[in-house]
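Notes to accompany the following structure.
Letters A, B, ... mirror the listed sequences (proteins, then strands); counts begin at 1.
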4 protein chains.
Amino acid sequence: MRRTKDDAEITRRKILDAAMVVFNQYGYASARLEDIAAEAGVTRGAIYHYFEGKPEVYTALLNERFEGVNNLVGSIVSDGGTPKEVLGKLLTKILVFMEENREYRMVQELVLFKTAYLPELEEGMAHKVKSTEATISFIDNLIKEGIQCGEFDKNIDTRAAAIAAVGLFSGVSTLWLLNDKMFSIKKYAESIVDCFLSGIINK
Amino acid sequence: MRRTKDDAEITRRKILDAAMVVFNQYGYASARLEDIAAEAGVTRGAIYHYFEGKPEVYTALLNERFEGVNNLVGSIVSDGGTPKEVLGKLLTKILVFMEENREYRMVQELVLFKTAYLPELEEGMAHKVKSTEATISFIDNLIKEGIQCGEFDKNIDTRAAAIAAVGLFSGVSTLWLLNDKMFSIKKYAESIVDCFLSGIINK
Amino acid sequence: MRRTKDDAEITRRKILDAAMVVFNQYGYASARLEDIAAEAGVTRGAIYHYFEGKPEVYTALLNERFEGVNNLVGSIVSDGGTPKEVLGKLLTKILVFMEENREYRMVQELVLFKTAYLPELEEGMAHKVKSTEATISFIDNLIKEGIQCGEFDKNIDTRAAAIAAVGLFSGVSTLWLLNDKMFSIKKYAESIVDCFLSGIINK
Amino acid sequence: MRRTKDDAEITRRKILDAAMVVFNQYGYASARLEDIAAEAGVTRGAIYHYFEGKPEVYTALLNERFEGVNNLVGSIVSDGGTPKEVLGKLLTKILVFMEENREYRMVQELVLFKTAYLPELEEGMAHKVKSTEATISFIDNLIKEGIQCGEFDKNIDTRAAAIAAVGLFSGVSTLWLLNDKMFSIKKYAESIVDCFLSGIINK
DNA sequence: AATGAATGAGCATTCATTCAT
DNA sequence: AATGAATGAATGCTCATTCAT
């Protein structure tokens with residue numbers, strides 16, 4: 001039995017890792033704290049020592065596991081480039097990231113397929129709506145910049161295009177997560193994104 | 001009190017209508033048969049008289065409520081037209097149908113946001129994967145036809161384009177269902193679909 | 001397995017009888033629904049079929065088991081007599097009733113010793129305070145009448161005397177319930193009540 | 001940080017003070033050691049440093065907080081006087097003490113309303129029964145002395161009178177603690193006690 | 001056709017308690 | 001002296017499901 005602060009951090013991490021596994025196996029609603037505890041090698045009590053309850057375990061898990069992409073997005077944006085380049089890289093690289101990064105793929109599956117609306121998760125849902133809106137706005141602006149520098153066709157409806165971009169991205173992600181044997185994202189990502197970009201470039 | 005076959009049919013329908021409401025309110029997992037019964041003005045026993053159990057109520061509901069779109073798709077396809085016309089109509093009209101048809105919108109929300117993976121619904125998930133694959137194949141073929149008749153660019157990867165089409169479609173649907181205040185589908189559908197089509201047309 | 005309406009009433013009664021036994025054995029807080037169910041020969045589910053939860057079982061039990069005394073009080077009052085007679089009978093007969101009526105004694109013990117303040121029982125506590133106040137008022141009036149008809153000393157503070165009466169009554173009850181071997185109520189009731197009455201009669 | 005014996009004593013006291021507050025707020029059964037610790041500004045571990053467990057905290061609290069009345073009783077008895085005087089003073093002064101001494105009132109409420117029978121407190125209950133019996137005997141003797149010196153009526157049943165005295169006392173206390181807005185003890189104590197004493201004095 | 005009585009398995013949550021540091 | 005990590009036992013409550021009527 002270990003009881004130092006470092007061990008505490010290790011235990012917390014073990015619980016979160018276990019939660020990822022168990023939530024993905026049974027879905028959030030059917031996942032039992034008991035199973036998470038067993039998977040983590042601790043008792044249910046330990047979970048309650050670190051988290052308020054089941055919803056909080058879920059929220060903490062999401063917050064942690066989304067850090068990866070957030071960093072990826074940050075670095076792509078700060079890397080710079082023309083609007084078209086940035087938009088293309090953003091869409092392509094995150095799609096590829098999903099296929100290469102097991103952790104990220106699992107959270108996505110958890111969020112998309114293994115979690116349904118539940119009053120106790122309401123808060124998280126609201127957050128998702130807001131962040132989606134923010135993404136659309138961000139891309140809308142990117143396309144506007146692209147029009148100004150002559151990369152994109154000035155006749156397109158920038159908001160519609162932004163919605164199409166985000167929709168395409170999330171739709172394709174979902175399709176692939178639904179059945180990764182249907183196609184390889186790594187292989188198709190560029191073609192798919194090109195298909196979209198060539199629909200808005202200045203011809 | 002006499003009970004005719006019609007009465008029985010009415011009760012069955014009342015239960016299904018109630019299920020739609022309750023599943024959408026609480027999500028499949030948290031919805032209680034008790035609530036469905038109350039909403040339908042009957043008791044739990046009646047539900048068991050018409051359905052095997054909760055999963056069967058859900059399945060029956062989906063089967064019935066998807067009939068509308070299936071008919072729409074059928075009529076669009078049988079209406080004929082060039083591949084590009086058919087593809088365009090298909091994507092646009094279903095998007096619009098979703099905004100206009102309350103019932104269809106509710107099933108979509110139920111399926112996308114209010115239902116998560118559950119062993120008892122496994123069968124339905126498998127069905128979804130298969131039907132998605134069928135849709136991709138169908139569009140893949142449509143695009144191939146379009147290339148042959150010179151409507152689409154012969155250099156595009158038809159499968160990638162089909163995936164993009166389905167992904168775009170489902171992604172935009174999801175986006176709108178997530179927050180119908182974010183944008184009006186009726187207004188954007190054509191622009192969005194055009195954005196996609198102009199990415200694959202023969203220039 | 002019986003499923004008629006009459007059986008339902010029997011089951012409800014069995015649950016309440018069992019609750020009386022189990023609450024008295026472990027105290028309200030420590031009593032387990034499991035034990036009540038076992039004692040009643042049903043499952044926990046059956047309890048929830050009839051009652052909202054543990055507090056409601058308790059409340060229902062009290063309401064039912066206090067009917068006996070309420071009837072006794074009613075009949076004593078309606079029997080009539082001079083104020084002194086009524087007051088004397090009231091105090092004496094209820095004290096005796098407690099020793100003779102096993103059910104009533106058990107509720108009293110339950111309320112006095114086996115139940116402590118709990119937020120979930122708040123409602124019941126408020127009711128107790130009110131009914132105590134009503135009793136004091138009732139006796140206050142009885143004494144006032146007694147003064148008018150010359151039975152009681154006109155110099156006494158009627159409210160103080162009423163409080164003394166109710167206090168004496170409940171205090172002695174409590175004492176006896178605490179240890180029925182300390183004294184026999186049947187034997188002492190009259191002496192004790194006389195001791196009080198001779199303190200307020202008109203000498 | 002140096003920790004002297006005084007510091008230790010201070011911590012112990014803080015825990016006991018906190019226990020008084022928390023036990024009165026939630027009742028013994030529902031009071032959490034966690035809450036007591038928080039109220040005392042320490043952690044649960046500290047409580048276990050000073051006490052064996054929850055029952056021992058409770059017992060220690062009672063022992064300490066009853067000292068006040070015990071001293072009062074002692075001084076009244078040693079002050080001397082005729083039996084009637086001593087008995088009258090005893091009853092009156094303790095009633096008044098309850099209204100004036102916040103600490104004493106709180107223990108009484110704790111014992112009477114906030115603590116129910118629990119196996120772990122069995123010991124304390126037995127002690128209460130014994131001490132009640134001792135009090136009755138003490139008063140019984142006091143009354144016997146009063147009869148011998150001609151203060152009390154020689155025809156009364158001394159044990160019944162003693163029981164009435166203790167019952168009256170505890171009943172009135174309980175009544176007041178139940179709702180201190182119902183009446184002021186300070187104001188009524190003498191009338192109430194007089195009412196009792198005039199029932200047994202030698203007329 | 002429909003009711004409603006009763007079951008029983010399932011589970012999150014609470015907390016007193018232990019103990020290494 | 002005091003902390004805080006972790007345990008583990010305990011239990012109220014929910015609900016899908018069964019079935020006699």
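Regarding contacts with the backbone of dA5(F), a side-chain N or O of H49(A) is found under 4.0 angstrom from either OP1 or OP2. For dA5(F), neither phosphate oxygen OP1 nor OP2 lies less than 4.0 angstrom from any side-chain nitrogen or oxygen of T11(A).
A donor-acceptor pair shorter than 3.5 Å can be found between the side chains of E120(C) and Y28(C).
Distance L33(A) CG to dT13(E) C1': 9 Å, rounded to the nearest Å. Between the P atom of dA16(E) and the CG atom of L121(D) lies a distance of 13 Å, rounded to the nearest Å. To the nearest angstrom, P of dT11(F) lies 15 Å from CG of L118(C). Taking atom OH on Y48(B) and atom C1' on dA20(F), their separation rounds to 17 Å, with Å as the unit. If you take OH of Y26(D) and P of dA16(E), they are 12 Å apart, rounded to a whole angstrom. The separation between E34(B) atom CD and dC13(F) atom P is 17 Å, rounded to whole Å. For the pair K14(D) NZ and dA2(F) C1', the computed distance is 11 Å after rounding to whole Å. Residue E120(A) contributes atom CD, which lies 13 Å from atom C1' of dT13(E) at whole-angstrom precision.
The residue A31(A) sits close only to the backbone: its heavy atoms come under 4.0 Å of sugar-phosphate atoms, none of a base. Contacts of F51(A) with the nucleic acid, taken as non-hydrogen atoms under 4.0 Å apart, are absent. Using a 4.0 Å heavy-atom cutoff across all strands shown, G45(B) reaches at least one base atom of the nucleic acid.
For R44(A) and dT7(F), a side-chain-to-base donor-acceptor distance below 3.5 Å is absent, hydrogens and geometry of angles not being considered.
When each of A29(B) and A46(A) is assigned the nucleotide of DNA chain F with its nearest heavy atom, A46(A) is the one assigned upstream, toward the 5' end. Nearest-nucleotide mapping onto DNA chain E: of R12(B) and G41(C), the residue sitting toward the 5' end is R12(B). Between S30(A) and Y50(C), the residue whose closest nucleotide on DNA chain E is further toward the 5' end is Y50(C). If T43(A) and E52(C) are placed on DNA chain F by their nearest nucleotide, the residue sitting closer to the 5' end is T43(A).
Taking a 6.0 Å sphere around CD of E34(B), one finds it holds more than 12 heavy atoms contributed by other residues, nucleotides or ligands.
Distance from the side chain of K54(B) is smallest to dA16(F) among dA12(E), dA5(F), dA16(F).
Counting heavy atoms from C-beta on, the side chains of F23(D) and V57(D) come closer than 4.5 Å. Annotation: side chain of E122(C) is not in contact with side chain of H127(C) (no heavy-atom distance under 4.5 Å). Using a 4.5 Å heavy-atom cutoff, the side chains of T11(A) and H49(A) are not in contact. In this structure, the side chains of L110(A) and L61(A) come closer than 4.5 Å at one or more pairs of heavy atoms.
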Fill in: Derivation and outcome, side chain to side chain donor-acceptor pair (under 3.5 Å), residues S30(D) and Y117(C)
CA-CA 9 Å; S30(D) 299; Y117(C) 167 77; over 6 Å; no
Practice prompt. Map every base of DNA chain F to its dot-bracket character, where paired means a Watson-Crick or G-U wobble contact with both distances under 3.5 Å and | marks a partner outside the strand.
Written response: .||||||||||||||||||||
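Taking both residues in full, the closest heavy atoms of A31(C) and K54(C) are given as O-NZ, 2.9 Å, listed atom of the first, atom of the second, then distance.
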